[in-house]
Amino acid sequence: MNAARFSQLFIPTLKDAPADAQVASHKLLVRAGFIRQLGAGIYDYLPLAKRTLSKIEAIVREEMDAIGGQEFYLPALHPAEIWRESGRWEVMGDNMFRLKDRKGGDYALGMTHEEVFTAIARDELRSYRQLPQVWYQIQTKFRDEPRPKSGLLRVRQFTMKDAYSFDVDQAGLDRSYDAQRRAYEKIFTRCGLDFVAVQAHSGAMGGSGSQEFMVRTDAGEDLVAACPRCRYAANTETATSRIPAEQDGAGPATVERFATPGALTIEALERAPHAVPARRQLKTLVYVADERPVVAVVRGDQDLNEAKLQTATGAAVIRPARPEEIPPLMGARAGSLGAVGFARAPVLVDASLGERVNMVTGANEDGFHVRGVDVKREILSQPNARLADLRTVRAGEGCPRCDGALDLFKALEVGHIFKLGTKYSVSMKASVLKADGTEVPIVMGCYGIGVERIMAAAIELWHDENGIIWPLSIAPYGATVLTLGKEPELAKVAEEVVAALSQAGLDVLYDDRDERAGVKFKDADLLGIPIRVAVGKKGLAEGKVEWKLRRGKQVDLVPAAQVGAKAKALLAEPR
RNA sequence: CGGGGCGUAGCGCAGCCUGGUAGCGCGCCUGCCUUGGGCGCAGGAGGUCGCGGGUUCAAGUCCCGCCGCCCCGACCA
């Protein structure tokens with residue numbers, strides 16, 4: 001712990017934020033001299049940012065080590081071979097940066113390291129006696145995001161702590177997973193974040209279960225559904241809800257076809273002359289799941305959730321069918337589609353529709369719909385059809401666990417833990433011998449934390465109109481000492497204060513610049529240093545200096561000699 | 001990938017419609033002054049006007065192409 005002189009440091013602060021910064025963390029990180037942009041989704045981390053990132057990494061390391069994690073450092077440059085083995089060379093698609101070496105060989109920049117870690121496990125682990133293992137690294141990841149945005153929140157190069165657990169069986173995985181979950185709670189708490197752990201979608205990772213650690217902020221891109229009455233919280237990619245049963249009344253004994261020229265949308269059918277309420281309609285959507293068509297059916301006024309559809313189909317990649325792909329399959333264009341009597345592809349019907357009767361849906365003939373559809377009788381009776389949870393929950397719908405109503409809010413993902421199971425160990429043939437001599441695939445988990453995102457999330461959470469308000473644990477400097485004037489006695493006292501704060505265990509930023517008081521105050525607020533001690537003539541006349549916390553308003557006049565004790569007292573506080 | 005916007009000094013912007021010596025604020029440098037919340041005055045440095053091509057006596061300005069960045073959507077461990 002030593003003092004840094006502001007006058008000698010590179011801290012390029014700005015009065016104006018760049019015009020293209022939208023979110024608070026982006027504007028403030030640039031203005032306060034933490035980062036500069038190099039390209040879309042590519043940033044320079046200047047010394048202040050490096051200090052904060054290092055502190056975050058130190059916390060992550062401590063907590064990983066505390067649960068037996070062993071740190072590795074693996075390549076970011078991967079031969080295509082290992083990605084072909086796991087099958088993800090194709091699955092990752094355009095999101096993976098790919099390159100060729102001089103001999104024409106295929107390589108990728110790592111977006112994640114399941115393949116590399118699993119390859120090590122495969123080559124080196126032989127026996128259940130060697131398990132469990134918990135391996136991790138803090139590494140740069142590359143993802144060719146279609147749309148980098150929001151400063152550090154969605155970037156193409158970032159630092160991730162990724163950990164992997166290797167167990168003989170599911171029970172072992174459950175223990176490893178729980179240990180990680182608890183470590184994550186400690187890490188985010190220590191970093192000063194307010195967060196929620198939510199049930200999550202596993203996506204291209206595969207596996208049997210996962211939780212995301214979310215920071216509630218409008219700058220986030222995920223939507224979380226949470227119940228204020230109980231602990232239920234889930235990403236809307238998996239969230240479920242209770243919705244009231246619909247009173248359908250009796251329908252016709254058979255379906256009736258009727259002409260609906262020009263009525264191609266749910267809204268059009270709601271209007272005269274058809275006047276079919278959206279909740280009485282079946283919305284039929286065609287997707288392509290791993291290159292095979294699949295038909296999804298949700299209520300007219302509900303939204304299909306693509307993540308849920310992906311889960312339900314078990315596909316690695318899904319996409320909406322292109323307009324020209326639909327007629328050959330369905331016999332009609334979008335706007336007149338229905339699943340009644342349709343047998344040429346799997347049909348997934350939203351679970352809330354299982355008991356519905358007297359519904360209206362497309363007739364698979366342009367310009368026609370059918371009414372009197374009994375979902376069970378007409379659709380679920382077909383061998384290619386089944387129920388699945390497909391709809392996106394909405395705010396106000398019933399909590400699935402209690403009688404509360406769900407809240408929906410935007411959130412930023414800062415960590416994600418997965419029970420991978422044997423997906424990678426099977427595809428890459430990583431197995432061990434059990435005590436009874438049988439060979440079993442290693443049961444894996446993987447656990448990620450976005451380091452820069454923690455930094456950005458802390459700012460989204462903790463800032464005001466004047467700048468950043470760092471949690472002490474991850475602040476680039478714990479304290480800053482300002483001299484308000486050029487008088488030598490000010491500098492002398494300031495240096496004593498700096499020494500006392502250092503002694504107390506803080507990193508101190510000594511603002512010794514030949515600047516006016518206003519400039520120093522403004523910069524101190526902008527940078528967000530938690531403790532500010534100002535040494536000025538006024539206070540010094542009484543032998544005192546000014547102690548102020550960035551997070552509060554109160555200014556305490558204290559004798560310089562007491563600053564060290566005050567700092568120690570603050571450090572001793574919880575959090 | 002679809003839609004929209006923007007690229008002029010380190011940052012924020014004007015100038016472009018209607019072609020004719022490249023400007024303003026902040027920042028930076030020098031001096032004086034001031035000195036407790038981004039002081040004041042004076043002087044000064046700094047720009048291939050994103051790149052390439054075209055039209056023109058003349059292009060920051062008009063035309064064509066490209067590149068980059070941002071936003072919305074699609075997409076997304």
Side-chain angles (χ1 to χ4, degrees), chain A residues 12-23 26-27 30-31 33 36-43 88 91-96 110-114 141-151 153-156 158 160-163 200-207 210-214 221-222 235 237 306-307 310 316-320 322-323 412-420 423 445-450 453 465-467 482-487 490 511 513-526 532 534-541 545-546 548 555 557:
Chain A
T13 61
L14 258 23
K15 284 190 180 178
D16 300 306
D20 49 21
Q22 310 286 319
V23 301
H26 187 191
K27 291 180 189 167
V30 173
R31 281 195 58 210
R36 289 294 186 263
Q37 182 170 20
L38 220 210
I42 309 174
Y43 285 85
R88 293 206 294 182
V91 172
M92 290 307 191
D94 290 338
N95 254 26
M96 188 149 69
M111 350 187 6
T112 175
H113 282 73
E114 280 75 23
K141 309 289 187 203
F142 298 88
R143 293 185 191 175
D144 193 0
E145 292 285 346
R147 188 146 93 79
K149 58 179 290 199
S150 305
L153 298 186
R154 177 164 295 282
V155 291
R156 296 196 292 176
F158 60 99
M160 179 184 272
K161 185 286 299 180
D162 49 323
H201 173 68
S202 301
M205 297 297 300
S210 74
Q211 285 172 290
E212 287 164 331
F213 290 80
M214 295 288 203
E221 298 184 281
D222 284 287
N235 192 308
E237 293 177 342
E306 292 190 356
Q310 191 224 337
V317 182
I318 67 164
R319 62 170 173 85
R322 288 185 285 268
L412 173 66
E413 178 187 355
V414 290
H416 199 160
I417 57 177
F418 296 85
K419 290 185 182 180
L420 290 178
K423 174 177 164 139
C446 80
Y447 317 92
I449 286 180
R453 271 194 184 178
E465 62 284 359
N466 294 316
L482 280 42
T483 50
L484 307 180
K486 295 186 205 179
E487 291 75 6
L490 295 186
D511 193 346
R513 291 177 298 170
D514 181 14
E515 287 286 357
R516 299 169 63 84
V519 172
K520 295 191 179 185
F521 284 134
K522 286 287 182 191
D523 273 346
D525 286 350
L526 218 210
R532 185 188 85 195
V535 182
K537 285 191 293 289
K538 287 181 189 171
L540 219 51
V545 299
E546 293 165 33
K548 181 181 175 298
V555 179
L557 270 177

Looking only at atom types and distance, does a side-chain atom of [X] sit under 3.5 Å from a main-chain N or O of [Y], one as donor and one as acceptor?
X: A/Arg143; Y: A/Asn95; value: no
X: A/Lys537; Y: A/Gly485; value: no
X: A/Lys522; Y: A/Lys15; value: no
X: A/Arg36; Y: A/Val30; value: yes
X: A/Glu145; Y: A/Arg147; value: no

Begin from the C-alpha positions of A/His26 and A/Leu153 and carry the test side chain to side chain contact (heavy atoms under 4.5 Å, CB included) through to its verdict.
CA-CA 8 Å; A/His26 187 191; A/Leu153 298 186; over 6 Å; no
Who does [N] pair with, Watson-Crick or G-U, both distances under 3.5 Å?
N: B/A22; value: none
N: B/A42; value: B/U30
N: B/G73; value: B/C1
N: B/A59; value: none
N: B/G7; value: B/C67

Taking only the [atom1] atom of each, what is the distance from [N] to [M] in whole angstrom?
N: B/C51; M: B/C67; atom1: P; answer: 15 Å
N: B/C26; M: B/G3; atom1: C1'; answer: 35 Å
N: B/A22; M: B/G65; atom1: C1'; answer: 26 Å
N: B/G19; M: B/G52; atom1: P; answer: 24 Å
N: B/U56; M: B/C63; atom1: C1'; answer: 12 Å
N: B/G54; M: B/G2; atom1: P; answer: 29 Å
N: B/U8; M: B/U61; atom1: P; answer: 13 Å
N: B/G15; M: B/G50; atom1: P; answer: 15 Å

Check every atom of [options] against the side chain of [X] and return the nucleotide holding the closest atom.
X: A/Arg516; options: B/C76, B/G36, B/C39; result: B/C39
X: A/Arg156; options: B/G37, B/C69, B/G36; result: B/C69
X: A/Glu306; options: B/C69, B/G36, B/C76; result: B/C76
X: A/Leu526; options: B/C69, B/U34, B/G38; result: B/G38
X: A/Gln37; options: B/G36, B/C70, B/C39; result: B/C70
X: A/Val519; options: B/G36, B/C69, B/G38; result: B/G38

Output the rounded distance in Å from [atom1] ([X]) to [atom2] ([N]).
X: A/Lys537; N: B/G37; atom1: NZ; atom2: C1'; answer: 15 Å
X: A/Glu546; N: B/G37; atom1: CD; atom2: P; answer: 11 Å
X: A/Arg154; N: B/A74; atom1: CZ; atom2: P; answer: 13 Å

Looking only at non-hydrogen atoms, find the nearest pair between A/Phe521 and A/Ala534 and report the distance.
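Shortest heavy-atom contact: CE2-CB, 4.1 Å.
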List the atom of A/Leu14, the atom of A/Leu526, and the distance in Å for their closest heavy-atom pair.
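Taking every non-hydrogen atom into account, O-CD1, 4.2 Å.
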How would you label the contact of [X] with the nucleic acid (heavy atoms, under 4.0 Å): base, sugar-phosphate, or nothing?
X: A/Met160; result: base
X: A/Asp523; result: base
X: A/Arg319; result: nothing
X: A/Asp94; result: nothing
X: A/Gly485; result: nothing
X: A/Gly450; result: nothing
X: A/Arg322; result: nothing
X: A/Thr483; result: nothing
X: A/Glu515; result: nothing
X: A/Lys149; result: sugar-phosphate

Euclidean distance, A/Tyr447 OH relative to A/Lys161 NZ, rounded to 0.5 Å
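Interatomic distance, A/Lys161 NZ to A/Tyr447 OH, rounded to 0.5 Å: 9.0 Å.
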Nearest 0.5 angstrom please: A/Glu413 CD to A/Glu221 CD, how far?
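It comes to 10.0 Å.
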Which residue lies toward the 5' end of RNA chain B, A/Thr13 or A/Gln22, if each is placed at its nearest nucleotide?
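Counting from the 5' end, the first nearest nucleotide belongs to A/Thr13.
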How do A/Gly41 and A/Tyr447 order along RNA chain B: which one's closest nucleotide is nearer the 5' end?
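The residue whose closest nucleotide sits nearer the 5' end is A/Gly41.
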Could you run down nucleotides 1-11 of chain B 5' to 3' and tag each one B, S or - for protein heavy-atom contact under 4.0 Å?
----------B
B/G27 base to A/Arg31 side chain: any donor-acceptor pair below 3.5 Å?
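Looking at the base of B/G27, it does not pair with any donor or acceptor on the side chain of A/Arg31 (distance under 3.5 Å).
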